[in-house]
Amino acid sequence: MNILYLINYLILSVFATLFIVEVGIALLSLLKYRNYRDEIRKFLLPIWEVNGTFAAFYLVNFEVTYPTLLNAVGQLYVAPLLIAAIFFILRSIFLVYSEYMNSPQKENLYMDIYALSTLALTLIAISVFDSGISGIGVSLQANLADFLVLLFNPFNVLMLIGVFLIAIFVVSSCFKVGRMHEFGILPLALAFVLMGIAIWAYLPLVFANLAANAYLLAFPAILGIIAAIMQRNMSRYANHLTLFWLFVSINVFGAIEYPYVFGDINILNYVAAPAISSAILWISTIGGGLLIIALSYLIYLSYLKRENASY
Amino acid sequence: MLIVDFDRFLMGFSLGVHIPLASIGIALPVIILIAEYLGIRYADKNYKVMARRLAIVLVVLFGIGTASGMLVALNILLLWPKFMQLVAQVAILPFYLETFAFFMETIFLGIYIYSWNKFRNPYMHVLAGVPIAIGGFLSGGLITMVNAFMNTPVGFNIPNYIATGMLTNVDPLAVFNSPTAVIELLHVLSTSCFAAVFIFLAYMAFMLLKAQDEQKRTYYKRGLILLICLAIIFTLFALVTGIVSIATLVSVQPEKYAAIEGNINPQAFAPERIGGIPINNTLQYYIAIPYLQSILATGSPSGSVPGLSSYPQSTWPPLIVHLMFDIMVGTGFLVAGILALFVILQLLKKNPLDNAKMLRLLIVAGALAVIILEVGWVMAELGRQPWIIYNVMLVSDAANYSTSIVPITGAIFLFYLFVIPFTFIILRRIFKDRPLENELNSQ
């Protein structure tokens, strides 16, 4: 596997893992913010800005990794991505506004706007991602995109529902929401079925290499079942395993899809030239290492030594 | 209006919103850390509370700044895809490094905010905030390097690219050493800090004017003293780097220089032209100060300076940049004059902090500093027109001509018209809910 592709996809998978948890929290916040206020804020406040930064990180890494694909991406996705940017701004500002509101009504209102913006952002981002891998709704040759087809094709709709179901599974595992932990396996199973149907129906437009790589699916399947069982038994490590499962699943998805985008276009044709790739590797390795250390320290301070925080 | 004009407007407007936020993001951590250090060092509750309250402002504006920065990053890719395709192959490394600097800011901001009471040694908390300031300066500096590349492109065989469209002899590290990289970086960072410091100076002066009780007045006076010291430093830096960067243009961007100075023809013994009206590509009704331009640009009154007539008229920047330059410099001197007046009054022991007129002047200076920042950037970018990469790629060749940009431009414009004032209302509400006297008394 091409190393630049691997780095780019690893960044995407870390970002997607964190962001899917945020999507789950946005759903929970929309439905039962008051009941889970403390848990929601405990997770969100230290990490929401990191999520936003990861989005920028992925964007720039994508530009670095696939420079010759940028003209096409810019032409095809200008409308959905600029609309997504508006929701991204809404998400960020209303979350930060809510953080300092003394009035519970205002806080609730701002959290609702945050949650709705996050869900709208997710809808567009996943639709663009689905279109990017399947080519549905866009024509690379003609540089044309049909926003409605891109959003409302069966593949995208099923995948979207699947992602939202996974977000529910993840958040019910992390926050022990009511009795949801007992039924966590249901949204997970439904997500598997819907996403399976979507992929099966659109073979070989997506997962062209499924036959050769089918064994990889065993990893997320086994981990998912163990996570669901642990969640049902209220194991204290269920949330850790769930997050790990999510990260592994996203990576397996990328490994099976590799190396195609837009249906049948080989993405390796667009990878950065050797003149710049070694510099990217060095920066990614050193910067990534430092990033892991700094993030670990933030998590340690935010979640493990939080009791005395006053702001 | 052509689609490319919508691209231009959206890019310019998004940057116009983002640049003051980014400037605050660069300077505010420095102000906070100095305040916290002074608070601990001199056991001064005013500075301690100031650091905490300004940290809230930083968090709110950082959140919005990150989002507005994301919009700018997307705009660069989506509105100018051919430009980005070239940059990504030649000059992308500063952008890439910037994401790590940005992470440094973000992560340490989280650490700083959530660890006020977690260190036994309070200086360790100040230390935890230092990477935020370093990250801010690095972020601003690295992005400026890409802008310097747009002004003075390097790192590939330019004649071959223009002739064939093929990129050859690519050196991705050359972007760090483009002819304008260092001076542009120094000027951008100093002017960003200059503007941000004056914004908070104006805020403190305004609040001091309103404050009645002595406790609050002491707090705002402490803030003003700190900010005045920083304002003096950054004003001097901005002035020196500004003069050097204009002089640098003579050799590296002569058309931009000529338009900024209103020079239609190249000439020796050139006067400095102030004001004037651009009519039919000539500048009329201006005030001329003999020899000054030649002296500033070359160090000699007989020095020769470039003129627009040496270049094809199709590549002339709009002459309006001359007026923008005059507004920027004139306003800059006005702000520096207000600052100098404050210092003189202080030296004469006239208590400028108790002088309502002086405080009002500081409020005016804050507003003017933002105008200087914005006009300076508009002038710098307009001065490169019609090029997006000087002498390599035209704006019109880089643009995205999708018609969907038109309604989205309107939507983003209206959206920001709501978001910007709303943010100030929220900040006001936040501080209304946290009365200063309560925080001072709780220390």
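Each chain gets a letter, A, B and so on, in the order the sequences are listed, and its residues count up from 1.
Across B:Ala67 and A:Phe88, no two heavy atoms sit closer than the pair CA-CE2, 3.7 Å. Considering every non-hydrogen atom in both B:Ile107 and A:Ala294, the closest pair reads CG2-O, 3.4 Å. Of all heavy-atom pairs spanning B:Arg434 and A:Tyr100, the tightest one is NH2-CD2, 3.5 Å. For the residue pair A:Trp48 and B:Gly63, the shortest heavy atom distance occurs at CH2-CA, 3.6 Å.
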Query raised in the report: Can A:Glu49 and B:Thr66 be said to form a side chain to side chain donor-acceptor pair (under 3.5 Å), step by step?
Result: CA-CA 8 Å; A:Glu49 189 65 28; B:Thr66 305; 2.3 Å; yes
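When side chains are defined from C-beta on, A:Gln75 does not count as touching B:Leu78, because their heavy atoms never get closer than 4.5 Å. B:Ile430 is listed as a side-chain neighbour of A:Met101, based on a closest heavy-atom distance under 4.5 Å. Side-chain contact between B:Phe100 and A:Leu290 is absent, with no heavy-atom pair separated by less than 4.5 Å. Looking at heavy atoms from C-beta onward, B:Tyr96 lies in side-chain contact with A:Ser284 at the 4.5 angstrom threshold.
Taken to the nearest 0.5 Å, the CE atom of B:Met84 stands 6.5 Å off from the CG atom of A:Leu70. Expressed to the nearest 0.5 Å, how far CG of A:Leu81 lies from CG of B:Leu71 amounts to 11.0 Å. The CD1 atom of A:Ile93 lies 5.5 Å from the OG1 atom of B:Thr423; values are rounded to the nearest 0.5 Å. A distance of 4.5 Å separates CG in B:Leu93 from CD1 in A:Ile276, rounded to the nearest 0.5 Å. Note that OH of A:Tyr77 and CG of B:Leu74 are 14.0 Å apart. Values are rounded to the nearest 0.5 Å. Atom CG of residue B:Leu109 and atom CG of residue A:Leu298 lie 10.0 Å apart, to the nearest 0.5 angstrom.
For chain B, the option among A:Val96, A:Val78, A:Leu76 with the highest count of heavy-atom pairs below 4.5 Å is A:Val78. Ranked by heavy-atom pairs under 4.5 Å with chain A, the list B:Val90, B:Asn75, B:Leu167, B:Leu77 is led by B:Leu77. Between chain B and the residues A:Leu144, A:Ile83, A:Leu291, A:Val50, the most heavy-atom pairs under 4.5 angstrom are made by A:Leu291. Heavy-atom pairs under 4.5 Å with chain A peak, among B:Asp171, B:Ile92, B:Leu427, at B:Ile92. Ranked by non-hydrogen atom pairs under 4.5 Å with chain B, the options A:Val73, A:Leu90, A:Leu69 are led by A:Leu90. Interface remark: of the candidates B:Val59, B:Leu173, B:Val170, B:Ile412, B:Val59 forms the most heavy-atom pairs closer than 4.5 Å to chain A.
Within 6.0 Å of the NZ atom in A:Lys106, the count of heavy atoms belonging to other residues, nucleotides or ligands does not exceed 12. Sparse packing is recorded around CG of B:Asn177, with 12 or fewer heavy atoms of other residues, nucleotides or ligands lying under 6.0 Å away.
Interface residue B:Phe95: backbone and side-chain heavy atoms are both found under 4.5 Å from chain A. Within the 4.5 angstrom heavy-atom criterion, only side-chain atoms of B:Tyr416, from C-beta onward, approach chain A. With a 4.5 Å cut-off on non-hydrogen atoms, B:Ile405 touches chain A through its side chain but not through its backbone. For A:Ala273, no part lies under 4.5 angstrom from a heavy atom of chain B. The part of B:Leu10 that comes within reach of chain A is its side chain, from C-beta onward, which places non-hydrogen atoms under 4.5 angstrom from that chain. In this structure, the portion of A:Ser92 lying under 4.5 Å from any heavy atom of chain B is its side chain and not its backbone. There is no contact between B:Val87 and chain A, counting heavy-atom distances below 4.5 Å. Of the atoms belonging to B:Phe103, heavy atoms from both backbone and side chain fall under 4.5 Å from chain A. In this structure, no portion of A:Phe87 lies under 4.5 Å from any heavy atom of chain B.
Against chain B, the residues from residues 54-68 of chain A that qualify, each with a non-hydrogen atom under 4.5 angstrom away, are A:Phe54, A:Ala55, A:Ala56, A:Phe57, A:Leu59, A:Val60, A:Asn61, A:Glu63, A:Val64, A:Pro67, A:Thr68 in number order.
Looking only at distances, a side-chain donor or acceptor of B:Asn400 sits under 3.5 Å from a matching main-chain atom of A:Gly74.
Using cut-offs of 30° and 60° on the angle between ring planes, the pair B:Phe422 and A:Tyr110 is perpendicular.
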